[in-house]
Amino acid sequence: MIPGRVKPLIDGDLLTYEVAFGVQRKDEEGTMQVNSFESCVDLFDQKVKEILGETGATEPPTFYLTLSDKLLKLANKHRLASGEPALSWAPNFRESIASTVKYKSGRGEEKPFHYLNLMSYMLAHCETKVAVGMEADDLMSIDQTKGSDEYTTIICSRDKDLRITPGWHFGWALGAQPQFGPKLVDELGYVELNGKGKLLGAGLKFFYAQVIMGDRVDTVPGLPGGGPVLAYKTLSGCESEEELFRATTDLYEKKIGDGWRDYFKEQAQLLWMCRELDENNNPITYKMCDER
């Protein structure tokens with residue numbers, strides 16, 4: 001059990017997609033049938049209740065959304081009504097870092113019917129933060145790292161990328177994907193191979209494993225030829241970040257040759273979940289160990 005008071009930090013991006021897609025389906029003729037928005041809200045409230053129960057929450061959750069052009073208009077409408085200052089558009093900082101392959105270039109644009117309706121509900125009825133110039137994942141990681149003297153935070157998401165951030169984590173079950181945690185992740189973390197050859201993990205070991213493997217979903221290529229077995233063999237025995245860094249950069253230098261350092265840094269900065277903001281409230285991304 002998580003000690004003391006517990007505040008969930010919930011991945012609103014992911015939950016919005018899952019719930020909104022969960023109330024629509026194609027019939028036998030291939031026509032999309034969409035349930036009422038009331039049923040969408042009921043499913044959302046049910047999912048949130050389950051998350052609060054599984055995490056032992058004592059505090060109201062905070063939901064996190066990533067700014068988009070459509071969400072900008074919606075969010076500012078709510079902010080105007082509540083007397084808050086309007087948000088200004090800023091692109092995800094990773095877009096300017098990704099020089100090898102366009103960041104998230106393989107993702108489709110399909111959105112479920114109630115996608116924006118549910119976000120509007122979240123903004124109106126829940127404590128919700130909108131990530132500007134970064135992703136909701138980054139803002140969740142920043143808030144978890146910052147912590148609180150009043151309660152313990154727990155990141156709630158099925159997104160494996162967030163598990164590189166130390167602290168409590170929970171991922172709800174969906175289909176064949178089992179529940180994760182609640183589990184406390186330490187700084188170093190772990191990596192392991194399951195029976196299907198998939199690499200699982202958390203903390204810095206999992207981060208450097210991702211730098212080797214890349215991330216197909218976000219079109220981050222990683223090390224050419226780098227796979228889960230290589231990542232596990234390279235990193236599982238490391239006992240510090242310095243060892244993880246040296247082991248990973250050795251692979252990059254041997255495989256890439258000239259220019260390996262810039263390429264490694266690009267991949268690492270794309271995959272890193274930011275933990276703090278600078279004096280201008282811009283996210284601070286990954287810095288190589290020998291540059292800190």
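In this chain, numbering begins with 1 at the start of the sequence shown. Computed from heavy atoms alone, side chains included, the values below leave out hydrogens, waters and symmetry copies.
Ser105 approaches Thr219 most closely through the heavy-atom pair N-OG1, 3.2 Å. The two atoms that bring Val23 and His114 nearest to each other are CG2-CD2, 3.9 Å, heavy atoms only. In terms of heavy atoms, Gly222 sits closest to Tyr263 at O-OH, 2.5 Å. In this structure, Arg275 and Pro166 approach most closely via the heavy-atom pair NH2-CD, 3.3 Å. The two residues Leu14 and Asp159 come nearest to each other via the heavy atoms CD2-N, 4.0 Å. When all heavy atoms of Ser236 and Val191 are compared, the pair lying nearest together is CA-CG2, 3.8 Å.
Under the ring pair (Phe, Tyr, Trp, His ring centres under 6.0 Å) criterion, no residue pair touches residues 148-180, with sequence neighbours excluded.
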*Decide side-chain hydrogen bond (donor to acceptor under 3.5 Å, both in side chains) for Glu84 and Ser82; before the verdict, give the C-alpha distance in whole Å, the side-chain angles of both, and the deciding distance to 0.1 Å.*
CA-CA 6 Å; Glu84 297 179 85; Ser82 60; 2.9 Å; yes
*Just do the salt bridge (charged side-chain N to carboxylate O under 4.0 Å, His left out) check on Asp290 and Arg261 with the steps written out, would you?*
CA-CA 11 Å; Asp290 55 5; Arg261 188 178 179 88; 2.8 Å; yes
*Test side-chain hydrogen bond (donor to acceptor under 3.5 Å, both in side chains) on Asn35 and Gln24 and set out the steps.*
CA-CA 6 Å; Asn35 294 351; Gln24 65 183 49; over 6 Å; no
*Apply side chain to side chain contact (heavy atoms under 4.5 Å, CB included) to Leu223 and Leu230, showing your working.*
CA-CA 10 Å; Leu223 180 72; Leu230 176 62; 4.2 Å; yes
*Under the side chain to side chain contact (heavy atoms under 4.5 Å, CB included) criterion, do Lys254 and Trp260 qualify, and how do the steps go?*
CA-CA 8 Å; Lys254 290 175 183 177; Trp260 72 267; over 6 Å; no
*Between Thr285 and Gln269, does a side-chain hydrogen bond (donor to acceptor under 3.5 Å, both in side chains) hold up when you go through it step by step?*
CA-CA 6 Å; Thr285 191; Gln269 289 185 334; 5.0 Å; no
*Please walk me through it: do Asp138 and Arg94 pass salt bridge (charged side-chain N to carboxylate O under 4.0 Å, His left out)?*
CA-CA 11 Å; Asp138 294 300; Arg94 291 177 177 84; 2.7 Å; yes
_Test log, rule side-chain hydrogen bond (donor to acceptor under 3.5 Å, both in side chains), inputs Tyr121 and Asp45_ = CA-CA 11 Å; Tyr121 174 82; Asp45 289 342; 3.2 Å; yes
*Under the side chain to side chain contact (heavy atoms under 4.5 Å, CB included) rule, what do Phe264 and Met288 come out as? Steps first, then yes or no, please.*
CA-CA 9 Å; Phe264 168 86; Met288 296 175 71; 3.7 Å; yes
*After noting the C-alpha distance and the side-chain angles of Arg5 and Thr152, does the key distance pass the side chain to side chain contact (heavy atoms under 4.5 Å, CB included) rule?*
CA-CA 6 Å; Arg5 297 163 62 184; Thr152 299; over 6 Å; no
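Taken from OH in Tyr208 to CG in Leu251, the straight-line distance is 13.0 Å, to the nearest 0.5 Å. Taking CE of Met119 as the reference point, atom NE2 of His78 lies at 11.5 Å (rounded to 0.5 Å). If you take CD on Glu266 and CG on Leu270, they are separated by 5.5 Å, rounding to the nearest 0.5 Å. Separating the CD atom in Glu243 from the CG atom in Leu204 is a distance of 12.5 Å, to the nearest 0.5 Å. Separating the CD atom in Glu59 from the CD1 atom in Ile154 is a distance of 13.5 Å, to the nearest 0.5 Å. Taken to the nearest 0.5 Å, the OG atom of Ser88 stands 7.5 Å off from the CG atom of Leu72.
Connection of Ile155 to Tyr190 is not established within any shared hydrophobic cluster, with ILVMFWY side chains joined at heavy-atom distances below 4.5 Å, either directly or through further cluster members. Criterion: ILVMFWY side-chain heavy atoms under 4.5 Å apart, direct or through other members. Under it, Ile284 and Met134 are not part of a common hydrophobic cluster. Both Tyr17 and Leu67 belong to a common hydrophobic cluster when Ile, Leu, Val, Met, Phe, Trp and Tyr are linked at side-chain heavy-atom distances under 4.5 angstrom. Hydrophobic clustering (ILVMFWY, side-chain heavy atoms < 4.5 Å, transitive): Met273 and Leu184 are in distinct clusters. Val34 is not connected to Phe37 by any chain of hydrophobic side-chain contacts under 4.5 Å among Ile, Leu, Val, Met, Phe, Trp and Tyr, and they are in different clusters.
Between Lys255 and Asp250 there is no salt bridge, since none of the side-chain N atoms of the basic residue sits less than 4.0 Å from a carboxylate O of the acidic one. Using a cut-off of 4.0 Å between Lys/Arg side-chain N and Asp/Glu carboxylate O, Glu241 and Arg292 are scored as salt-bridged. Between Lys265 and Glu291 there is a salt bridge, since a side-chain N of the basic residue sits under 4.0 Å from a carboxylate O of the acidic one. Electrostatic pairing of Lys104 and Asp215 does not count as a salt bridge here, judged by no charged N lying under 4.0 Å from a carboxylate O.
Side-chain contact between Leu188 and Leu244: present, with at least one pair of heavy atoms (C-beta onward) separated by less than 4.5 Å. Side chains of Val130 and Leu123 form a contact here, defined as non-hydrogen atoms less than 4.5 Å apart. Within the 4.5 Å cutoff, no side-chain heavy atoms of Pro283 are placed close to those of Leu139. Considering only heavy atoms from C-beta on, Ile10 stays 4.5 Å or farther from Tyr64 through its side chain. Using a 4.5 Å heavy-atom cutoff, the side chains of Asp218 and Leu271 are not in contact. Looking only at side-chain heavy atoms (C-beta outward), Trp272 and Lys287 stay at 4.5 Å or farther from each other. Side-chain contact check for Leu162 versus Met140: some heavy-atom pair is nearer than 4.5 Å. The shortest distance between side-chain heavy atoms of Phe93 and Asn282 does not fall below 4.5 Å.
Remark: the backbone N or O of Ala86 is not paired with any side-chain donor or acceptor of Asn76 at under 3.5 angstrom. When atom types are taken as modelled, the side chain of Ser120 and the backbone of Leu116 share no donor-acceptor pair closer than 3.5 angstrom. Counting only distance, with no hydrogens or angles, the side chain of Ser141 and the backbone of Asp137 share no donor-acceptor pair below 3.5 Å. With hydrogens and angles disregarded, a donor-acceptor distance shorter than 3.5 Å links the side chain of Thr128 to the backbone of Met122. Panel note: side chain Thr248, backbone Phe245; no donor-acceptor pair is recorded below 3.5 Å. Under the 3.5 Å distance criterion, the side-chain polar atoms of Gln179 are matched with a main-chain donor or acceptor of Gly181. Under the 3.5 Å distance criterion, the side-chain polar atoms of Thr58 are matched with a main-chain donor or acceptor of Val6.
Lys146 meets the side-chain contact (heavy atoms from CB on, under 4.5 Å) test with Asp143; sequence neighbours excluded.
Using a 3.5 Å distance cut-off with no hydrogens or angles, the side chains of Lys7 and Thr62 do pair a donor with an acceptor. At a cut-off of 3.5 Å, with distance as the only test, a side-chain donor of Glu135 or Asn92 sits close to an acceptor on the other residue.
Aromatic ring centres of Phe63 and Phe44: separated by under 6.0 Å. Aromatic ring centres of Tyr286 and Phe207 lie closer together than 6.0 Å.
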